[in-house]
Amino acid sequence: MLYIEFYDRPAELLAPDLIGKKLVRLQNGRRLAGIITETEAYMGEGDLGSHAHFGKTKRNQVIFEKPGKAYVYFTYGMHWLFNIVSDSVGKAGAVLIRAVFPVEGLEIMAQNRPNLANSKQWLNGPAKLAQAFGLDGRMNGYDLTQPDGELFLEEGISVPTDLVTVGPRVGLGKTPEPWNSIPLRWELGWEQVKELIQNGVK
DNA sequence: CGGCCGATTATCT
DNA sequence: GATAATCGGCCGG
């Protein structure tokens with residue numbers, strides 16, 4: 001598994017390095033896992049797209065805490081979104097996990113998503129993967145670096161950097177420029193993940 | 001396909 | 001009181 005040193009750096013450096021890592025969730029003694037394929041970086045007070053830009057509040061306080069914690073928040077009146085906290089205590093930073101390629105526990109993921117029948121794909125969106133992995137407000141502040149935890153990262157697969165595409169963050173709506181267009185999103189294509197996985201997941 | 005729209009409520013100015 | 005780091009359904013071509 002990955003330890004606190006891995007997470008202890010600015011979000012814009014952590015986010016690209018999360019591509020290819022394996023997200024593991026133990027739920028009722030069963031193991032769910034997927035390869036992270038899309039991430040977005042959110043920084044501190046200067047970043048007008050980040051929840052942290054107003055300073056510390058009740059909702060966002062975990063963003064200022066230890067790197068390697070989960071920041072899980074509720075939005076649009078119905079969705080949970082899962083982030084991993086980056087950077088040292090007192091510095092704000094988090095990485096939104098936007099997509100994961102499923103590799104273990106697919107049946108359980110399907111059970112966790114009751115409306116799967118109406119959904120074409122499962123894990124290619126931040127609210128979808130949070131639901132499939134059973135991540136909600138109860139996991140906010142959870143430490144991914146604690147021993148014997150039920151949520152953590154493993155090494156996963158190694159991804160050549162030239163396969164990862166970069167672009168602006170998604171869904172920021174009214175966020176003013178330049179924060180709307182700065183390339184802070186990293187993505188590995190679905191077909192390319194499949195190929196890399198066939199070469200073996202560590 | 002692509003684009004538009006409604007759902008539904010915690011959070012912040 | 002407005003908005004939101006989204007999703008899925010429904011429409012038209």
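Computed from a prediction, not measured in an experiment: that's the story for all the values here. Protein chains get the first letters and strands the later ones, always in sequence-line order, with residue 1 at the start of each.
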In one Ile/Leu/Val/Met/Phe/Trp/Tyr side-chain cluster, 4.5 Å: A:L32, A:L18: yes

Separation of atom CG in A:N83 from atom C1' in C:dA5, rounded to whole Å: 8 Å

Rounded interatomic separation in angstrom, taking CH2 from A:W122 and C1' from C:dG8: 18 Å

Centroid-centroid under 6.0 Å between A:W190 and A:F101 rings: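 Judged by ring-centre distance (under 6.0 Å), A:W190 and A:F101 do meet the cut-off.
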
Sidechain N-carboxylate O distance under 4.0 Å for A:E40, A:R169: no

Sugar-phosphate only, base, or nothing, as touched by A:L172 at under 4.0 Å among non-hydrogen atoms: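 Result for A:L172 = sugar-phosphate.
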
Pairing of A:D8 and A:K91 as salt bridge, 4.0 angstrom limit: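 Result for this pair is no, no salt bridge flagged.
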
Interatomic distance at P, B:dC5 relative to C:dT3, whole Å: 16 Å

Candidate nucleotides C:dA4, C:dT6, C:dG8, ranked by approach to the side chain of A:K174 - the nearest: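 The nucleotide sitting nearest to the side chain is C:dA4.
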
DNA chain C: 5'-proximal contact among A:Q131 and A:L81 (nearest heavy atom): A:L81

A:W80 CH2 to C:dT6 P, straight-line distance once rounded to whole Å: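 Value for this atom pair: 16 Å.
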
Check ion pair A:K22-A:E104 (N to O, under 4.0 angstrom):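 Answer for the salt bridge query: yes.
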
Heavy-atom protein contacts under 4.0 Å, nucleotides 7-13 of chain B, coded B base, S sugar-phosphate only, - none: BBBSSSS

Separation of atom CE in A:M43 from atom C1' in C:dA5, rounded to whole Å: 13 Å

Nearest-Å distance for atom pair OH/P, residues A:Y73 and C:dT6: 6 Å

Touch class at under 4.0 angstrom, heavy-atom based, for A:G173 against every strand present: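 The answer is nothing, as A:G173 stays clear of every strand by at least 4.0 Å.
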
Nucleotide C:dA4, atom C1' - distance to CZ of A:R169 in whole Å: 15 Å

Lys NZ or Arg CZ of A:R9 over A:F6 ring: under 6.0 Å, within 45°: yes

A:F74 ring center within less than 6.0 Å of A:H79 ring center: no

A:R31 CZ: over 12 foreign heavy atoms closer than 6.0 Å: yes

Whole angstrom value for the distance that separates P of C:dT6 from CZ of A:R185: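 Distance check: A:R185 CZ to C:dT6 P gives 11 Å.
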
Ion pair check, A:E154 and A:R25, cut-off under 4.0 Å: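 A salt bridge is absent here (no side-chain N lies under 4.0 Å from a carboxylate O).
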
Consecutive Watson-Crick or G-U pairs in runs of at least 3, all under 3.5 Å, in which DNA chain B is involved: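 Stem segments, range with range: B:1-7 with C:6-12, B:9-12 with C:1-4.
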
